[in-house]
There are 2 protein chains.
Amino acid sequence: MTLDETSKTAGISLDPATCPVRQVLDGVSDKWSILVMAALHVTPRRFSELRRDIPDVSQKVLTQTLRKLERNGLVDRKVTPTAPPRVDYSLQPLGQSLFARFSPLAAWAIENRAEIDAARSAYDARS
Amino acid sequence: MTLDETSKTAGISLDPATCPVRQVLDGVSDKWSILVMAALHVTPRRFSELRRDIPDVSQKVLTQTLRKLERNGLVDRKVTPTAPPRVDYSLQPLGQSLFARFSPLAAWAIENRAEIDAARSAYDARS
DNA sequence: TCCATATGGTTTCCAAAAGATACTTAACAC
DNA sequence: GTGTTAAGTATCTTTTGGAAACCATATGGA
């Protein structure tokens, strides 16, 4: 960011590094984070249970997703060093409260799905 | 998705294609969409005004971002075929209503920034 | 005993997508 | 010619995700 941190015409912060919405979304806007949170929101789960619930995610990416959620304090990871190892994941209070903020978004999506589809069809027809 | 569309253990839809939150986020979770909507939320703007307001975005990517927002019915693009050409962008009602849904998210981010930072520091210290 | 299977990963390789950078276009005003 | 406006194009790099192999441990079955 080479220019001012605030817009001269409107006074809003337009630096991605200080945009609070972006900071939240960067933590969860990958392909699987929200689905993982949705699964854990219902009940805590083991790693292999998550894999069965979300069959399209690869082992590696599920691990990465969980690590990221854990690092941001949204998910708790508890290792029971038995053999074979047992790892339980659960939503932290912070994760619960964030996940709750997505309900209005989901409601909006369901309400406005038709309108979005119509806009897309109209746009595609124009070009 | 090769297995069931619904989780057997919890009954939640875990197909990315049918997750309403994902459908919304896929439309706006790129690097610039939200900032563009924030700028247009304040007041309609011309292309070059947006470029000045968000100096880090390249011409090409700003064009792509605006096209995507327009296609989804969130942003209106009005061309005045003068010379040099004039193009005005504004938030459609659909875009206004979606943008409003991000306010709770922004509030959450500001409220919990400290806790997230603490979680990250703790995680990084452990490893 | 040998083999398969489950667990929770890690590692390597690869493809697709996103974004950055630079160059080009085309109209007009000066 | 130079500058301004709103793009389009071409190429490169970075990021992201997926596929498959590997590992260590332990259990269950033939």
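FYI, side chains are in, hydrogens and waters are out, and symmetry mates aren't considered; it's all heavy atoms of this structure. Proteins come first, then strands; the chains are lettered A, B, ... in the order of their sequence lines, and each starts at number 1. As the structure is a computational prediction, the values presented were derived from the model and not from experiment.
OP1 and OP2 of C/dG8 both lie 4.0 Å or more from every side-chain N or O belonging to A/Arg45. In this structure, B/Arg67 reaches the D/dA7 phosphate: one of its side-chain N or O atoms is under 4.0 Å from OP1 or OP2. Distances shorter than 4.0 Å separate some side-chain N or O of A/Arg46 from OP1 or OP2 on C/dG8.
Distance from the side chain of A/Arg52 is smallest to C/dT7 among D/dA7, C/dT10, C/dT7.
The separation between A/Phe47 atom CZ and C/dA6 atom P is 15 Å, rounded to whole Å. If you measure from atom CD of A/Glu49 to atom P of C/dT7, you get 9 Å, rounded to the nearest angstrom. For the pair A/Arg51 CZ and C/dT7 C1', the interatomic distance rounds to 11 Å; values are reported in whole Å. Following rounding to the nearest Å, B/Arg77 (CZ) and D/dT5 (C1') show an atom-to-atom distance of 12 Å.
Evaluation of the salt bridge (charged side-chain N to carboxylate O under 4.0 Å, His left out) rule for B/Arg77 yields no partner, not counting sequence neighbours. A search for side chain to side chain donor-acceptor pair (under 3.5 Å) contacts involving B/Asp88 returns B/Arg86, not counting sequence neighbours. Here A/Arg101 pairs with nothing under the salt bridge (charged side-chain N to carboxylate O under 4.0 Å, His left out) rule; sequence neighbours left out. Under the side chain to side chain donor-acceptor pair (under 3.5 Å) criterion, A/Arg120 pairs with B/Asn72, sequence neighbours left out.
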Summarise how protein sits on nucleotides 13-30 of chain C as a single string, 5' to 3': B when a protein heavy atom is under 4.0 Å from the base, S for sugar-phosphate-only contact, - for no contact. ------SBB------S--
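Counting only residues at least two apart or on different chains, no ring pair (Phe, Tyr, Trp, His ring centres under 6.0 Å) pair has a member in residues 100-127 of chain A.
No side-chain N or O of B/Asp124 forms a donor-acceptor pair with one of B/Ser121 less than 3.5 Å apart.
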